[in-house]
Each structure stands twice: as structure tokens, then as C-alpha cells.
Amino acid sequence: MKVKALNGFKDILPGETDLWRKVEDLARDIFARFNFSEIRLPILEKTELFARSIGETTDIVEKEMYTFVDKKITMRPEATASVIRAYIEHGLYVKKPVQRLFTIGPMFRHERPQQGRTRQFHQMSVEVLGSDNARVDAELMAMGSMLLSELGLDISLEMNSLGCPECRPGFRTNLLAFLEERKEELCDDCKRRRSTNPLRVLDCKNPSCRQIVQDAPSIQEHLCQECTSHFKAVREGLDQLGIGYSLNKFMVRGLDYYCRTTFEFVTTDLGSQSAVGGGGRYDGLVEELGGPKVPGIGFAMGMERLILLMLQKEGKEDLHAEIDLFVAGLGDDASRLAFSMIHTLRKQGVDAAMDLDGRGLKSQMKQADKAGARYVLIIGGDELAKGFGVLRNMATQEQRELPLNDEGMRVFAESISTVVS
Ligand code: HAM
């Protein structure tokens with residue numbers, strides 16, 4: 001019986017991994033431009049960490065976590081809680097007043113798999129700890145937008161403010177009063193959410209709930225003076241940097257730790273999964289997890305969703321590996337020479353391959369093509385006797401002779417390195 005991968009867990013195959021690396025490399029480059037440092041964290045944490053930060057009544061904690069119940073440990077469903085745990089544990093706030101951290105890796109949520117939604121997925125997660133300046137909010141959204149636009153993706157930015165512990169209770173009371181009046185029309189989930197997490201009713205996907213909340217009180221009209229001016233400053237920052245956005249008063253996010261600015265990068269190209277990334281401010285969270293009173297904000301991009309969008313745009317055929325040279329040796333003696341030659345070339349930094357199984361020229365040329373070889377060096381009996389191989393440029397089909405000795409290899413390696421650099 002064949003053993004298959006778990007439902008919702010995906011293999012990322014050769015070819016696809018090139019695209020993954022491209023996305024990751026660009027993200028690392030942009031994070032460096034914005035002065036972020038990498039932090040690498042464990043996948044398992046104490047369950048309590050997520051329950052206390054994400055919130056006991058969120059979908060994630062209530063029903064989506066992979067937990068070893070007996071050991072009270074959980075496979076991380078997101079990275080923010082772990083970043084903060086490490087930030088507190090290692091006293092990173094003492095080392096720098098403002099820490100700008102990013103981490104890339106797998107997360108786990110037991111959701112129903114569908115296009116753009118898997119049970120193991122990957123996030124690029126960034127956090128700024130130690131500043132409540134509205135410019136940080138604007139800068140983070142600008143960084144996310146820069147990443148998406150340099151990937152060639154056309155994604156919209158939506159933003160909201162969820163207020164703070166001063167102003168949110170007033171909004172909650174008004175929202176509850178509104179929901180009480182309309183409770184019969186709500187879906188079953190929202191009937192339950194009314195008592196556990198009423199704000200989540202605002203972003204319920206059920207058409208009837210969506211209709212009802214159109215008339216609901218707006219959080220933006222309930223913000224206190226400080227939250228209002230913070231929100232205004234965030235928008236000014238975005239305007240100053242030329243970042244387009246729209247306000248979405250229904251966006252509440254699925255994690256409880258947010259306050260003030262929340263945002264999502266959204267698209268209509270992924271079916272029902274519209275968010276490519278999302279985040280927001282979480283000013284009380286560090287303190288709640290036992291650290292100092294330090295504000296924070298961050299966001300995470302979902303790698304699978306970015307890759308799906310890139311594939312829609314670029315198509316699969318562009319995804320093949322590329323090597324510098326394929327050496328096609330015909331016959332035992334030529335193969336033997338090719339075997340040591342490619343080793344010498346690899347030592348000199350050349351990406352080289354050959355057929356190790358004694359196939360004919362036609363089959364070897366096919367292999368070279370599949371490997372995406374820029375050059376093929378053909379060594380048959382005649383070439384071996386003359387001491388010169390035939391070097392073919394696969395793009396132009398031009399051919400020239402290359403000495404089959406150390407000097408020939410060195411010249412080839414140098415020509416490749418100048419092309420590459
Ligand atoms: P989140 O909105 O839960 O936020 O996830 C961020 C992104 O991860 C989503 O926009 C989506 O692209 C991706 N994602 C989430 N679940 C799945 C899934 N099951 N399959 C594929 N992709 C998924 C957070 O996780 C927060 N920690 C973000 C944050 C950082 N807030 C502040 N700092």
C-alpha cells in the first residue's frame with residue numbers, strides 16, 4: 001500500500017522550489033533594505049503561549065491548533081507569539097530600543113484545505129518591537145507593498161483601526177446592542193460569536209451576516225482622541241510614501257491581540273482566500289506575555305498564496321533549473337574524461353552535469369535540454385583524439401572548440417563567472 005502525504009500537507013517539488021527561493025530571496029533583500037534582522041525560532045512551543053496571545057476564543061486556538069495534549073505543547077500556528085516569547089526570554093529590548101525582526105518558516109493550522117489554504121503553510125513574518133510611532137505602521141505597509149510590487153503582483157491594501165482598550169469597550173457595547181436586535185438573522189457561528197467574540201461577526205463570510213453588518217456601528221466612529229490621531233498619522237505616512245490603500249471598517253482579523261492599525265493585502269485572484277498577507281499593531285501583547293511595556297506591530301505574508309499568484313502570472317514553463325554546462329561524453333573513454341572534468345569545473349564554481357549511465361548522444365542532448373544547460377560540451381572519439389571538445393552555446397547554437405585540459409576548463413570557468421557576475 002502506498003503511503004501518501006497528509007491531507008493539507010504539500011510537497012514542494014524541484015522546479016517549484018526555484019520559485020520559492022526567488023520569492024524568499026527578494027523578501028530577504030527587501031527586509032534588509034528596511035533594516036530587519038532574521039530570527040529563527042522553534043516550531044513547537046507551550047500551548048499556553050498561543051492561547052494567551054492569539055486568544056482562547058479565536059478559531060485558531062479553539063479548533064485549528066496541532067496540539068500534543070498530554071505534553072501541553074503546540075506546533076506554531078503563527079510566528080508573532082514566538083517572536084515575542086524569544087524577545088522577552090533573551091532580553092532583546094535591552095540590546096536595542098527598537099527591534100526589527102523577521103522570520104520565515106512553516107506554520108500549522110488544522111483548517112479545511114482548499115486552493116490557497118493548507119494545513120502546513122509558510123509565512124514570512126516581520127515584527128517591529130519598541131515603537132508606537134505611526135510612521136512605523138506606514139513603513140511596514142510600504143515594505144509589504146514594495147515586496148508585492150517587485151514580485152510583479154497587483155495586490156490591494158486594506159486598512160482599519162481597531163482602537164485600544166480605552167475606546168473598544170464602548171464600540172463593543174454598541175455593536176452588541178445592534179447584534180441583539182438582529183440576532184435571529186445571524187448564522188449559527190455568529191450567534192455563538194455574539195457572546196464569545198462579537199467583533200468577528202463583522203468579517204463573517206456568510207452573505208446574510210454580510211448584509212446585516214452593513215448597518216452595524218463603525219469602529220472608526222468610536223475611536224478615542226489618541227487612536228483617531230494615530231490613525232490619521234498612519235494615513236498621512238502612507239500618502240507621503242505614495243502607498244494606495246482603502247479603508248475597510250469590517251476588517252477585524254482573526255487573532256485577538258490587535259489594537260489600533262490592522263491591515264491586509266488582498267486579491268480577488270485566489271478564489272475564496274483573499275488575503276495574501278495581514279497584520280497590525282499589538283501594543284499590549286509583550287506586557288501580557290510577561291515582558292516590559294513595549295508596543296509592537298507586524299505582518300505576515302503567506303508564501304503558498306504568493307506562489308500561486310506568481311504561477312498564475314508567470315506560468316509553469318518558466319520553472320526549470322539552469323546549469324552552466326552539460327558534458328556529453330560518448331563512449332567509455334570520453335565518459336571517463338568527462339567525469340573528472342566536471343569535478344574540476346565544479347571546484348571552480350561551474351554548475352555542471354553529465355550522464356553517468358553511458359547513454360547515446362541524442363538522449364544526452366535531451367538531458368542537457370531538460371537541465372536547462374547554457375552550454376553543452378560534446379566529446380566523442382574524434383574530439384578525444386584531437387584533445388578538443390565541441391562547445392555549443394545552446395541559446396545561439398554557435399559552436400567552438402575547447403581544449404580538453406586544465407587550461408581549457410579554467411578559461412571556460414572564467415568565461416562563465418564573468419557572464420554570471
Ligand atoms: P494571519 O492573517 O493569520 O496573520 O496570517 C497571515 C497570512 O498567512 C495570511 O494572509 C495568509 O496569506 C497566510 N495563511 C494563513 N493561514 C493559512 C493557511 N491555512 N494556508 C495558507 N496560507 C495561510 C498572522 O498569522 C499574524 N501572525 C500576522 C502578524 C504578524 N500580525 C502581526 N505580526
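Atoms within a ligand are numbered from 1 in the order they appear, just like the ligands themselves. In this text the structure is predicted, and so the values were computed from the model without any measurement.
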Exercise for the section: Examine ligand 1 and decide if any of its atoms is less than 4.0 Å from a heavy atom belonging to Arg109. Expected result: yes
Practice task
Just need the protein heavy atom nearest to atom 12 (O) of ligand 1, so name the residue and atom and give the distance.
Solution key: Val276 O, 2.9 Å
Problem - Test: Arg135 and Glu139 ion pair at under 4.0 Å - result: no
Practice task
Would you check the N or O atoms of Arg117, main chain and side chain alike, for any that come under 3.5 Å of an N or O of ligand 1?
Solution key: no
Exercise for the section: Using distance alone, determine whether Ser125 and ligand 1 share an N or O pair under 3.5 Å. Expected result: no
Handout entry: Heteroatom proximity flag, Ile297 to ligand 1, N/O under 3.5 Å
Key = no
Handout entry: Distance in Å, Met107 CE paired with Ile43 CD1, rounded so as to fall on 0.5 Å steps
Key = 8.0 Å
Fill in the blank from the handout: For Gln123, the atoms of ligand 1 under 4.0 Å from one of its heavy atoms are 5 (O), 6 (C), 7 (C), 8 (O), 24 (C), 25 (O)
Exercise for the section: Can you sort out which atoms of ligand 1 are near Ala275, meaning under 4.0 Å from one of its heavy atoms? Expected result: 10 (O), 11 (C), 12 (O)
Problem - Salt-bridge contact Arg400-Glu398 (side-chain N to carboxylate O under 4.0 Å) - result: no
Problem - Plane angle bin for Tyr66 and Phe108 - parallel if under 30°, tilted between 30 and 60°, otherwise perpendicular - result: perpendicular
Handout entry: Under 3.5 Å side-chain donor-acceptor pair for Glu127 and Thr80
Key = yes
Problem - Closest approach of any protein heavy atom to atom 30 (C) of ligand 1, naming residue and atom - result: Thr80 OG1, 3.0 Å
Handout entry: Geometric cation-pi criterion, Arg235 with Phe231: 6.0 Å, 45°
Key = yes
Practice task
Within a distance under 4.0 Å of any heavy atom of Glu127, pick out the atoms of ligand 1 and give their elements.
Solution key: 30 (C), 32 (C), 33 (N)
Sequence neighbours left out, cut at 3.5 Å: what donor-acceptor pairs do the side chains of residues 4-14 make with other protein atoms?
none

Problem - Pair listing, salt bridge (Lys or Arg N to Asp or Glu O under 4.0 Å) test, anchored in residues 267-279, at least two apart - result: none
Practice task
Using distance alone, decide if ligand 1 has a nitrogen or oxygen within less than 3.5 Å of any nitrogen or oxygen in Ile60.
Solution key: no
Exercise for the section: Please indicate whether any nitrogen or oxygen in Tyr258 is less than 3.5 Å from any nitrogen or oxygen in ligand 1. Expected result: yes
Exercise for the section: Can you pull out the closest protein heavy atom to atom 13 (C) of ligand 1? Residue, atom name and distance to 0.1 Å, please. Expected result: Gly302 CA, 3.6 Å
Exercise for the section: May I ask you to check whether Phe412 and Tyr375 place their ring centers less than 6.0 Å from one another? Expected result: yes
Problem - Under-4.0 Å salt bridge between Glu180 and Arg194 - result: yes
Handout entry: N or O contact, Tyr282 vs ligand 1, cut-off under 3.5 Å
Key = no
Handout entry: Element-labelled atoms of ligand 1 that are located less than 4.0 Å from some non-hydrogen atom of Glu78
Key = 25 (O), 26 (C), 27 (N)
Problem - Lys72/Glu48 salt bridge by N-O under 4.0 Å criterion - result: no
Exercise for the section: Note the single closest protein heavy atom to atom 32 (C) of ligand 1, along with its residue, its atom name and the distance in Å. Expected result: Gly298 O, 3.1 Å
Exercise for the section: Would you please determine whether Gly277 falls within less than 4.0 Å of ligand 1 on a heavy-atom basis? Expected result: yes
Handout entry: Interfacing atoms of ligand 1 (cut-off 4.0 Å, heavy-atom, Gly278)
Key = 10 (O), 28 (C), 29 (C)
Exercise for the section: Please test Leu325 against Leu391 for side chain to side chain contact (heavy atoms under 4.5 Å, CB included), starting from the C-alpha separation and ending with a verdict. Expected result: CA-CA 9 Å; Leu325 180 70; Leu391 184 69; 3.8 Å; yes
Exercise for the section: Write out the residue and atom name of the closest protein heavy atom to atom 23 (C) of ligand 1, then the distance separating them to 0.1 Å. Expected result: Phe121 CD1, 3.4 Å
Completion exercise
Atoms of ligand 1 under 4.0 Å from any heavy atom of Phe299, numbered from 1 in the order shown, are 29 (C), 30 (C), 32 (C), 33 (N)
Handout entry: Within-shell test, Arg253 vs ligand 1, heavy atom, strictly < 4.0 Å
Key = yes
Fill in the blank from the handout: of all protein heavy atoms, closest to atom 20 (N) of ligand 1 is Thr118 N, 3.1 Å
